[in-house]
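Okay, structure first, notes after.
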Amino acid sequence: MSNSSQTIIARLARRNAAQALLFGASFVIALILWQIGYMALNLPSFILPSPAEVWLKFLSVLRNGVLWRNLSQTLLEVLLGLVFGSFTAALLGYVLSKSPALERLFSPLLVASQSVPMVAIAPLLVIWFGPGLFSKVLICALVVFFPVLVNTLVALREVSPNLRELMASLEATPAQTLRTLELPASLPVFMGGLRVGATLSVIGAIVGELVGSDRGLGFLINVGRGQYDSALVFVAVITLILLASLLYGSILLLEKRVLAWQTWRQAP
Amino acid sequence: MMTSLAADPALQVSSLSVSFLEEDGSLEVLDNLTFSIERNAFVCLVGPSGGGKSTLLRTLAGLIKPAGGKILFPLHHGTTPQTGLVFQQPNLMPWRRLTENIALPLELAGYPREEIARRTADMIRLVGLQGFERSYPHELSGGMAQRVAIARSLVQDPDILLLDEPFGQLDEMNRERMGDELLRIWGQKRKTVLMVTHSIPEAVYLADRVLVLTQRPARIGLDVEVPLPRPRQPELRYTMEFLQIARRLHEHLAQSQPE
């Protein structure tokens with residue numbers, strides 16, 4: 001058995017290496033296309049800056065601390081929004097899963113709230129709660145809320161009725177059932193919701209910052225746009241992409257740690 | 001109807017009735033059931049499918065509230081649970097290792113850690129799964145998983161072991177092997193066992209006594225002693241005495257099952 005698991009690990013490692021190689025290759029291809037486009041179209045740099053210009057801009061905002069000041073603000077908003085949004089969603093999801101009547105009462109409201117695009121109500125929220133940290137965290141939490149809530153509901157509904165009966169036969173209390181059955185059983189689907197939520201949280205933070213703020217990557221994009229400094233916009237956007245990927249990757253990593261017992265499902 | 005009264009009963013059921021609320025009125029599943037089970041006896045329960053065998057077991061395990069009647073555990077003295085239930089599926093938690101699955105009832109009951117470790121190790125030895133302590137359920141065969149389920153049901157040392165078609169999902173060979181395994185465990189632990197099965201040969205091979213339930217609403221249709229010698233050996237299945245008892249059960253079941 002250990003032998004076969006070793007070959008599986010070796011195979012997974014080979015697959016990971018191949019994936020990393022492909023990822024790097026796609027990055028290089030994008031850079032080359034960009035450079036070719038820049039040289040062929042010969043546009044002014046406020047419309048399309050060259051990779052080299054963007055790189056220099058990157059180094060300069062990195063050195064003078066501008067990048068970190070804005071990145072850290074966005075990161076804070078994204079993380080706080082993710083934590084608060086997913087926590088309330090999980091809590092409400094648990095309550096709703098215990099009461100079908102409540103779920104029927106709430107679900108039209110929830111669906112209706114989802115048909116309003118965040119871009120449309122973000123200005124209102126900024127007016128109500130000011131241009132500071134709070135309105136951004138609120139926007140992030142709101143966009144994170146729905147996917148996590150839906151996944152929590154699905155996950156809890158899919159907890160095996162046989163295992164529920166086992167817990168009943170062992171006279172487990174609701175708290176024990178939550179800790180020993182519902183939490184571990186719903187974790188895989190819940191983590192899926194969290195992954196989607198993390199990406200949405202980044203978008204939420206940027207939308208909020210574009211509407212009104214004095215710090216953050218969205219603010220940096222606004223500044224670059226106002227000064228026709230396209231290189232700065234590029235730096236902000238690329239940092240944003242890196243931030244979102246990093247967040248997504250960390251949750252994936254967390255998922256692998258927490259769900260070690262089900263690695264066999266992903267094995268080839 | 002023959003309902004032998006046990007002298008030293010581990011379980012006494014009197015006038016037990018269970019009914020379910022259906023959309024078109026209530027459905028009577030168990031009707032005025034009375035029987036008792038001798039301490040340390042191995043009793044099998046057979047009957048037509050959908051006839052309330054599982055319902056009876058679940059009622060005894062406290063999962064279903066009876067509409068009327070009494071369930072008594074005369075030997076019970078409060079510290080251990082009255083019943084341990086084994087389901088048709090092993091019902092193991094896929095995220096728990098073998099040891100952790102067996103330890104679950106003790107954890108829920110709040111046993112101290114050393115006690116949990118000691119009892120769990122004892123159980124693993126009892127069901128012969130040493131070396132698989134750290135395995136996850138998906139790494140176990142069907143028979144091994146069901147042995148884990150049996151160990152889990154015994155770990156709190158209940159008065160009566162209730163088994164609901166525990167080997168129904170195994171193939172014939174594994175089924176017979178697990179039957180022998182169960183007899184060995186029963187011999188070592190001296191437990192009272194009540195087991196539902198739909199296999200007449202399995203019931204005759206394992207049990208001291210076989211109860212046959214009737215069609216719904218279920219009553220005890222037949223109560224047969226199995227005076228075959230123990231320890232039971234596989235060859236027993238081909239002896240005249242064995243086949244006679246099996247035939248009697250079969251004929252009774254065939255009559256009560258309208259086609």
Side-chain angles (χ1 to χ4, degrees), chain A residues 1-9 12 90 100 151-152 154-192 194 253-268, chain B residues 54-55 57-65 80-111 131-132 134-141 144-145 148-149 152-156 158 160-165 169:
Chain A
M1 200 167 63
S2 70
N3 206 354
S4 78
S5 69
Q6 266 166 13
T7 59
I8 285 173
I9 288 167
L12 279 177
N151 277 41
T152 306
V154 170
L156 285 170
R157 202 175 298 143
E158 281 175 1
V159 171
S160 146
N162 288 332
L163 286 179
R164 285 195 185 280
E165 194 174 35
L166 169 73
M167 294 301 278
S169 81
L170 295 174
E171 288 165 359
T173 63
Q176 285 179 325
T177 306
L178 174 63
R179 208 180 56 238
T180 42
L181 173 62
E182 288 166 334
L183 223 54
S186 56
L187 213 50
V189 182
F190 176 78
M191 290 300 279
L194 207 60
L253 217 64
L254 183 72
E255 219 174 310
K256 272 190 185 155
R257 292 276 315 249
V258 183
L259 305 176
W261 57 272
Q262 59 156 296
T263 46
W264 58 281
R265 277 196 197 160
Q266 293 146 14
Chain B
S54 289
T55 304
L57 229 57
R58 280 170 166 67
T59 311
L60 296 178
L63 290 172
I64 298 172
K65 242 179 100 67
T80 56
Q82 295 161 332
T83 58
L85 183 57
V86 177
F87 302 84
Q88 215 160 342
Q89 300 87 10
N91 267 358
L92 304 178
M93 293 183 170
W95 53 88
R96 283 184 168 237
R97 297 174 189 278
L98 187 148
T99 312
E100 297 163 336
N101 263 298
I102 296 178
L104 178 71
L106 302 176
E107 271 177 39
L108 295 178
Y111 280 72
F132 293 94
R134 294 183 57 75
S135 300
Y136 285 108
H138 68 86
E139 298 168 319
L140 305 174
S141 70
M144 285 160 86
V148 176
R152 180 180 60 193
S153 71
L154 284 171
V155 75
Q156 273 184 293
I160 297 185
L161 187 58
L162 303 170
L163 302 120
D164 188 4
E165 289 188 34
Q169 310 217 323

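Letters A, B, ... are given to chains in the order of the sequence lines, protein chains preceding strands, and every chain is numbered from 1. This is a predicted model, so every value here is computed, not measured.
For chain B, the option among A:Ser169, A:Pro184, A:Ala168, A:Ala172 with the highest count of heavy-atom pairs below 4.5 Å is A:Pro184. Contact count against chain A (heavy-atom pairs under 4.5 Å) is highest for B:Leu104 among B:Leu104, B:Thr83, B:Leu85.
Annotation for B:Gly84 and B:Pro158: closest pair N-CB, 3.5 Å, computed over non-hydrogen atoms.
Neither the backbone nor the side chain of B:Gln88 comes within contact range of chain A, judged by heavy atoms closer than 4.5 Å. When heavy atoms are compared at a cutoff of 4.5 Å, A:Glu171 does not approach chain B at all. Heavy atoms closer than 4.5 Å to chain B are found in both the backbone and the side chain of A:Leu181.
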Worked verdict on B:Thr99 versus B:Arg134 for side-chain contact (heavy atoms from CB on, under 4.5 Å): CA-CA 7 Å; B:Thr99 312; B:Arg134 294 183 57 75; 5.7 Å; no
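Here the side chains of B:Leu98 and B:Glu139 are not in contact, with every heavy-atom distance at 4.5 Å or above.
In this structure a side-chain-to-backbone donor-acceptor pair under 3.5 Å is missing from B:Arg96 to B:Ala103. At distances below 3.5 Å, at least one donor-acceptor pair connects side-chain atoms of B:Asn91 with backbone N or O atoms of A:Asn162.
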